[in-house]
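These notes are about the structure you will find just below.
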Amino acid sequence: MVCCTDLAARRSLTAQSLPASQSARVYVDSRRTIAPLDRNLFGSFLEHLGRAIYEGIYDPGSKLSDGNGFRKDVLNEIRQLGVPIIRYPGGNFVSGYNWLDGVGPKEKRPRVLDKAWNTIESNQFGTNEFLAWCKAAGTEALMGLNLGTGTAEEAAALVEYCNVEKGTRWSDLRRQHGVADPWKVQHWCLGNEMDGPWQIGHMSATEYGQKAEDAARQMRDVDPSLKLIACGSSGPGMRTYLEWDREVLEQCYDYVDGLSLHRYFGNWERDSGGDTAKYLALNLSMEKQIAETVAVCDLVRGHKRSQKKLWLSFDEWNVWYRTTGGDDTDGHRKEAPHLLEEVYNLEDALLVGGLINSLLRNADRVKLACLAQLVNVIAPLMTNADGLLRQTIYYPYSWALQFAKGSVLELLVESSTYPVSGMDPVAHIDVAGSLDRSAGKLCLFILNRDLARAHDIELVWEDAAPAQVVSASVLTGEDLKASNSFSAPQRVTPHPFAVPASSRSRTTFEVPARSYTAVQWSL
């Protein structure tokens with residue numbers, strides 16, 4: 001086994017011998033791993049917002065829907081992707097949501113004003129419909145709870161409704177609603193972004209921490225097997241960032257399993273076309289946020305002298321910056337209005353690839369994450385009356401679901417760098433990888449941030465070279481602003497990528513400028 005000091009010494013020596021800036025070297029040792037990979041790292045999110053639910057996954061009037069009103073094309077796509085877990089029903093929506101409005105006979109469900117997005121909620125799709133849809137899609141549920149206007153007692157009642165077989169008030173109500181078997185939902189979010197002044201029921205960290213503790217205790221009295229996630233900071237831009245997390249955990253650390261993080265990324269300089277070089281480095285700021293949040297979790301653990309180590313749930317992350325105000329976020333009291341329908345381009349897809357790399361590298365503490373969202377609303381998939389569209393960000397996400405399995409590799413990467421304001425020098429080449437010993441597969445995910453030049457990649461196999469390439473694809477293009485549409489759905493799509501066979505303990509190939517590449521080998 002190569003020890004850390006050996007690798008550090010080799011790094012110092014080899015950096016001097018690397019060719020010009022168009023080259024990078026990656027050391028791969030299958031004996032060195034970061035952590036087992038929890039498949040929930042590649043979850044997603046559906047909120048009662050815009051057309052995510054209605055016209056997204058549920059559209060009874062569509063020629064493409066089944067007898068339950070589920071869009072068959074979307075359902076098949078999610079099933080084939082293998083999305084492991086989906087957060088629902090919000091988001092900001094959940095902080096004003098009464099779950100009882102969405103269960104029981106549909107003709108008796110109330111039409112209500114959703115104050116979070118100023119829309120009309122028909123409640124024709126609710127808890128049982130979502131959990132039935134999850135079963136059909138082969139995915140699990142991450143249920144969100146209303147800790148804004150809702151109470152701890154109401155949260156425990158929903159757990160009882162979902163998870164107790166029979167013989168109690170709420171389990172018998174579920175059975176009256178036509179669902180005999182309990183859903184057995186394991187993962188629950190204790191509210192959403194309660195640090196945010198925009199949030200319905202916004203409160204102080206201490207108030208929220210006490211409410212979360214009460215809810216967690218009552219929920220565990222109903223079902224001790226639950227995995228509970230407390231609300232962390234909504235993002236590093238909050239004035240209370242990290243201090244909120246500390247105060248919350250001082251109240252509820254003993255009663256929760258994880259802490260949530262949220263983050264959206266954007267190339268904000270709209271008039272100038274943005275700073276793409278900096279934009280493609282923003283996944284490193286995700287890693288900084290993870291490290292800072294882990295530090296706070298462990299600080300509170302030390303204060304409490306606890307044996308329990310919290311994990312993180314990065315349950316909202318994506319690119320989102322074009323549709324953030326005005327009519328893009330105001331539903332004008334309509335049903336299923338077009339809101340937050342971000343159109344993604346090539347540079348967005350490259351950053352999403354980098355963000356996936358960052359999540360992989362932090363798999364020792366991040367055990368769950370949700371690409372926000374799944375359909376129509378800041379989403380990889382879009383629908384219209386005739387079918388669905390794969391946006392550019394679909395492809396790196398689908399590669400993670402398809403290839404990243406087993407354990408995350410601890411890689412040593414040598415690359416040229418470039419300057420970015422406010423950051424340390426940024427490597428042109430960003431690489432993450434996974435190793436699935438049971439299937440005999442190894443996969444590397446390679447982001448080339450260089451906008452002008454291809455880079456030679458030299459892989460150094462420290463223990464043994466792989467047998468052969470199983471699959472290799474690259475996402476790249478000349479126009480970073482190119483996007484897909486229903487009229488031109490193939491404008492930005494992956495292409496096959498040629499990787500030569502390994503020679504002794506080396507493999508060398510070239511990745512194009514501004515590209516994201518996935519290569520899988522058999523061992």
Side-chain angles (χ1 to χ4, degrees), residues 3-5 8 32-38 40-41 142 145 147 152 155 186-196 203-221 224-263 283-317 358-370 407-408 410 424:
C3 71
C4 294
T5 53
R32 298 184 61 85
T33 59
I34 294 171
L37 178 56
D38 192 320
N40 287 338
L41 195 67
L142 169 58
L145 293 164
L147 290 194
Q186 289 300 294
H187 292 84
W188 299 78
C189 288
L190 303 176
N192 175 77
E193 295 183 358
M194 298 310 302
D195 61 329
M203 62 192 76
S204 71
T206 298
E207 289 171 325
Y208 166 73
Q210 291 171 344
K211 191 172 186 178
E213 177 189 10
D214 186 19
R217 281 190 286 106
Q218 292 196 47
M219 293 166 70
R220 290 197 191 280
D221 286 342
S225 71
L226 303 181
K227 294 179 174 62
L228 305 180
I229 301 165
C231 277
S233 295
S234 298
M238 300 296 294
R239 288 185 299 171
T240 56
Y241 175 59
L242 299 180
E243 186 59 24
W244 165 276
D245 304 74
R246 184 193 65 77
E247 291 181 21
V248 165
L249 292 179
E250 292 286 0
Q251 303 297 322
C252 66
Y253 188 97
D254 294 334
Y255 299 91
V256 300
D257 303 289
L259 184 71
S260 73
L261 299 82
H262 291 177
R263 188 74 175 275
N283 66 303
L284 302 179
S285 67
M286 172 192 259
E287 297 192 44
K288 182 174 183 288
Q289 182 182 354
I290 291 170
E292 291 169 343
T293 306
V294 164
V296 173
C297 290
D298 291 346
L299 172 69
V300 177
R301 181 190 184 197
H303 284 173
K304 292 184 171 291
R305 301 180 183 180
S306 175
Q307 295 299 309
K308 179 172 64 177
K309 181 185 290 187
L310 294 190
W311 43 265
L312 301 185
S313 174
F314 218 124
D315 46 47
E316 283 190 39
W317 69 269
S358 291
L359 290 172
L360 284 168
R361 285 194 289 267
N362 288 275
D364 57 331
R365 294 302 288 270
V366 183
K367 299 299 181 182
L368 192 156
C370 300
S407 295
V408 179
E410 183 179 5
D424 292 334

Margin query: With side chain to side chain contact (heavy atoms under 4.5 Å, CB included) as the criterion, how do H262 and N192 come out once you've worked through the C-alpha distance, each side chain's angles and the decisive distance to 0.1 Å?
Written below: CA-CA 10 Å; H262 291 177; N192 175 77; 3.4 Å; yes
Next item on the list: Assess whether side-chain hydrogen bond (donor to acceptor under 3.5 Å, both in side chains) is satisfied between S233 and D245, documenting all intermediate values.
Entry: CA-CA 6 Å; S233 295; D245 304 74; 2.3 Å; yes
Notebook entry, point to check: Between V366 and M286, does a side chain to side chain contact (heavy atoms under 4.5 Å, CB included) hold up when you go through it step by step?
Noted result: CA-CA 12 Å; V366 183; M286 172 192 259; over 6 Å; no
Next item on the list: May I have the step-by-step check of side-chain hydrogen bond (donor to acceptor under 3.5 Å, both in side chains) for S225 and Q186, ending in yes or no?
Entry: CA-CA 7 Å; S225 71; Q186 289 300 294; 3.2 Å; yes
Next item on the list: Would you sort out whether I290 and R361 count as a side chain to side chain contact (heavy atoms under 4.5 Å, CB included), showing the intermediate values?
Entry: CA-CA 11 Å; I290 291 170; R361 285 194 289 267; over 6 Å; no
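The CG atom of D364 sits 12.5 Å away from atom CG of D38, with the distance rounded to the nearest 0.5 Å. To the nearest 0.5 Å, atom CH2 of residue W317 and atom CG of residue L359 are 6.0 Å apart. How far SG of C231 is from CD of E193: 7.5 Å, rounded to the nearest 0.5 Å. If you take CZ on R220 and OH on Y255, they are separated by 10.5 Å, rounding to the nearest 0.5 Å. Between atom CD of residue Q289 and atom CG of residue L242 there is a gap of 8.5 Å, rounded to the nearest 0.5 Å. Between L259 atom CG and S313 atom OG the span is 9.0 Å, to the nearest 0.5 Å.
Between K227 and L368, the closest side-chain pair of non-hydrogen atoms is not below 4.5 Å. At least one side-chain heavy atom of V300 sits less than 4.5 Å from a side-chain heavy atom of R246. Side-chain contact between D315 and H187 is absent, with no heavy-atom pair separated by less than 4.5 Å. Residues C297 and L312 meet the side-chain proximity criterion, which asks for heavy atoms closer than 4.5 Å. Side-chain contact between I229 and L142 is present, with at least one heavy-atom pair separated by less than 4.5 Å. Using a 4.5 Å cut-off on side-chain heavy atoms (C-beta onward), L41 and K367 make no contact. The side-chain heavy atoms of H303 and Y253, taken from C-beta on, include no pair separated by under 4.5 Å. Side-chain contact check for R263 versus P236: some heavy-atom pair is nearer than 4.5 Å.
Smallest separation of non-hydrogen atoms from V408 and L360: CG1-O, 3.2 Å. Across every non-hydrogen atom of L310 and V256, the tightest pair is CD2-O, 3.5 Å. Scanning both residues, W244 and M203, for their nearest heavy atoms gives CZ3-O, 3.4 Å. The two atoms that bring V248 and A205 nearest to each other are CG2-O, 3.6 Å, heavy atoms only. Closest approach of L190 and A212 over heavy atoms only: CD1-O, 3.9 Å. Heavy atoms only, all atoms of each residue included: C252 and G209 are closest at CB-O, 3.7 Å.
A donor-acceptor contact shorter than 3.5 Å links the side chain of S358 to the backbone of N283. With hydrogens and angles disregarded, a donor-acceptor distance shorter than 3.5 Å links the side chain of D195 to the backbone of S234. When atom types are taken as modelled, the side chain of K304 and the backbone of E250 share a donor-acceptor pair closer than 3.5 angstrom. Under the 3.5 Å distance criterion, the side-chain polar atoms of K308 are matched with a main-chain donor or acceptor of D254.
Salt-bridge formation is detected for the pair K288/E292: a Lys NZ or Arg NE/NH1/NH2 atom is positioned less than 4.0 Å from an Asp or Glu carboxylate oxygen. Under a 4.0 Å N-O distance rule, the pair D214/K211 does not qualify as a salt bridge.
Every residue two or more places apart in sequence or in another chain was checked for a side chain to side chain donor-acceptor pair (under 3.5 Å) with Q210, and none qualifies.
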